[in-house]
Amino acid sequence: MYMELTPDLSGEHEQIKETVHAFAKEVLRPAARTLDSIPAEQVADHPGFRNALRQAYEMNLHTILVPEGFGGMGLDPLGTHIVLEELAWGSAGFAISIAVSQFPAFGACLLATDNEELIAEFTTPFVENRDGSLIGCWAITEPDHGSDWLTFGGMEGDPGEGIVPNLRAKKVDGGWVLNGQKAAWISNGPVAHHAYLFLNLDPLKGMRGSGIALVDLGSPGVSRGKAWEKLGQRALPQGELYFDDVFVPDENLIANPELYPFAIDATLSIANTAMSALFTGVAQAAFDEAFRHAKERVQGGRALIEHSTVQVSLFEMFKTVEAARALSRRVMVYNYQTITPSLKHAVAAKVFCTDAAVKVAHMAIQVFGGMGVSKESDIEMIFRDARMAQIEDGVNEALAINAGHSLQFMEGE
Ligand SMILES: Cc1cc2nc3c(=O)[nH]c(=O)nc-3n(C[C@H](O)[C@H](O)[C@H](O)COP(=O)(O)OP(=O)(O)OC[C@H]3O[C@@H](n4cnc5c(N)ncnc54)[C@H](O)[C@@H]3O)c2cc1C
């Protein structure tokens with residue numbers, strides 16, 4: 001466990017850090033190792049996946065993003081950071097699964113605060129669930145539209161108007177009928193019951209005609225594709241969602257095109273801030289692995305850690321992890337207690353921390369030598385898990401296009 005530099009850490013913070021770290025070490029990491037080596041199709045029903053998720057729900061970890069007034073755990077932003085970081089220390093895949101599961105429950109609180117029926121359908125049963133049997137997902141990416149969702153407002157000439165999402169909603173009496181599909185990358189797609197679903201309401205407006213709906217994935221017309229084989233985060237089930245004449249009532253549309261700019265900014269701010277905390281945890285995990293190995297392994301008659309090249313490598317890794325934690329904590333403390341979170345800071349933290357996780361895991365493999373590329377070690381899984389994050393929740397370059405564009409509107413000296 002790392003040395004704590006935040007002076008005002010409370011007893012509650014210390015306790016949750018210790019508890020979640022132990023859970024990550026004893027439950028999530030071993031389960032992730034098991035799921036890492038089985039076919040993707042088998043993950044969703046594997047007892048290793050279901051048991052770990054059930055234990056996370058029993059500990060109430062599935063409610064950390066939900067506001068306390070709606071039944072969430074009630075952690076402050078620093079506590080939330082600590083929990084996300086520790087979960088991902090154990091397993092990036094499980095941590096993502098637990099975090100995205102909250103999106104429909106959290107989305108109802110964010111965009112339909114006063115709608116008691118939606119809260120009763122999407123938030124209350126979820127926060128009260130204790131056996132991991134109610135799972136959510138966030139579905140934005142489509143086969144033809146990945147970075148389009150992020151970059152359309154961030155390029156000259158606003159080409160968003162000519163780009164129309166695959167998933168279309170057509171107005172009918174009392175609601176909307178959905179047709180189209182979401183990509184194989186939807187985290188929890190194969191197991192989710194509810195979706196925080198991005199869709200197009202007005203094709204003539206392109207991406208600017210988008211909205212968000214809360215959708216029960218048990219509705220007639222919803223089907224799923226097969227889970228994809230992938231490089232890392234293999235404990236996280238991911239797969240396509242298909243919508244074939246799926247009826248969604250009017251009240252489930254929680255963001256129309258007028259509200260959409262606020263809704264996507266708020267969603268990306270929350271998600272990218274969470275990603276920065278998660279991948280600080282992955283960077284720490286990689287450092288911890290390298291540090292432990294460097295103390296145990298003897299070469300040239302001395303422990304690796306006594307060799308200056310290894311010391312310099314470990315220092316570079318240590319410095320990178322500390323910088324990631326300093327930035328992500330700072331951004332989370334700001335973004336998770338304001339109604340207008342800063343997207344550019346969230347993106348800066350997501351890009352920095354995911355790059356940091358890849359860099360530290362990459363360097364850790366070098367400290368391990370041959371053992372670093374062996375399936376016998378955790379570090380090669382951690383490296384593969386980290387690499388996914390430079391694409392996950394927005395390719396880092398696409399996020400940079402969007403955030404970079406917004407810098408021109410920032411006040412200067
Ligand atoms: C582990 C993981 C988890 C994920 N979880 C979810 C999830 O829960 N829900 C969900 O909806 N999605 C999820 N995704 C999808 C993810 O958000 C997309 O993969 C991502 O947005 C990139 O889209 P794409 O794969 O279509 O790549 P593309 O958009 O095709 O990008 C390919 C390359 O082209 C570049 N590029 C694209 N557009 C531009 C442009 N305008 N200008 C310059 N360069 C450009 C990009 O930078 C990138 O290098 C997940 C992905 C991963 C890997």
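In listed order, ligands and their atoms are each counted from 1.
- Taking the six-membered ring where tryptophan is involved, the planes of F291 and F287 are essentially parallel, since the angle between them stays under 30° and well short of 60°.
- At a 3.5 angstrom cut-off on N or O pairs, D148 does not count as close to ligand 1.
- Each of the atoms 16 (C), 19 (O), 20 (C), 53 (C) of ligand 1 lies under 4.0 Å from some heavy atom of I391.
- Residue-ligand proximity: Q238 is placed with a non-hydrogen atom under 4.0 Å from ligand 1.
- The atoms of ligand 1 that sit less than 4.0 Å from any heavy atom of A139 are 11 (O).
- Per-residue contacts place V395 under 4.0 angstrom from the following atoms of ligand 1 (heavy atoms of the residue considered): 22 (C), 46 (C), 47 (O), 48 (C), 49 (O).
- Short contacts between ligand 1 and W138, defined as distances under 4.0 Å to a heavy atom of the residue, involve ligand atoms 7 (C), 8 (O), 9 (N), 10 (C), 11 (O).
- Test W138, F198, F122 against F103 for ring pair (Phe, Tyr, Trp, His ring centres under 6.0 Å) and you get one pass: W138.
- The residue from G93, S147, P143, S97 that puts a heavy atom closest to atom 31 (O) of ligand 1 is S147.
- Among E392, Q233, E142, the residue whose heavy atom sits closest to atom 51 (C) of ligand 1 is E392.
- Smallest separation of non-hydrogen atoms from A52 and A31: CB-CB, 4.3 Å.
- Here D355 does not pair with K350 in a salt bridge; the nearest charged N to carboxylate O distance is not below 4.0 Å.
- Side-chain N/O atoms of N179 and D245 include a donor and acceptor closer than 3.5 Å.
- In summary, the atoms of ligand 1 found under 4.0 Å from a heavy atom of E397, numbered by their order in the structure, are 47 (O).
- If you number the atoms of ligand 1 from 1 as listed, the ones under 4.0 Å from a heavy atom of D393 come out as 17 (O).
- Close contacts between ligand 1 and G394 involve ligand atoms 17 (O), 21 (O) [criterion: under 4.0 Å to a heavy atom].
- Between I140 and ligand 1, at least one N/O pair is under 3.5 Å apart.
- Taking both residues in full, the closest heavy atoms of K375 and D36 are given as NZ-OD2, 4.3 Å, listed atom of the first, atom of the second, then distance.
- Taking the ring axis of Y242 as reference, the NZ or CZ atom of R224 does not stay both within 45° of it and closer than 6.0 Å to the ring centre.
- Closest of all the heavy-atom pairs between L236 and E392 is CD2-OE2, 4.4 Å.
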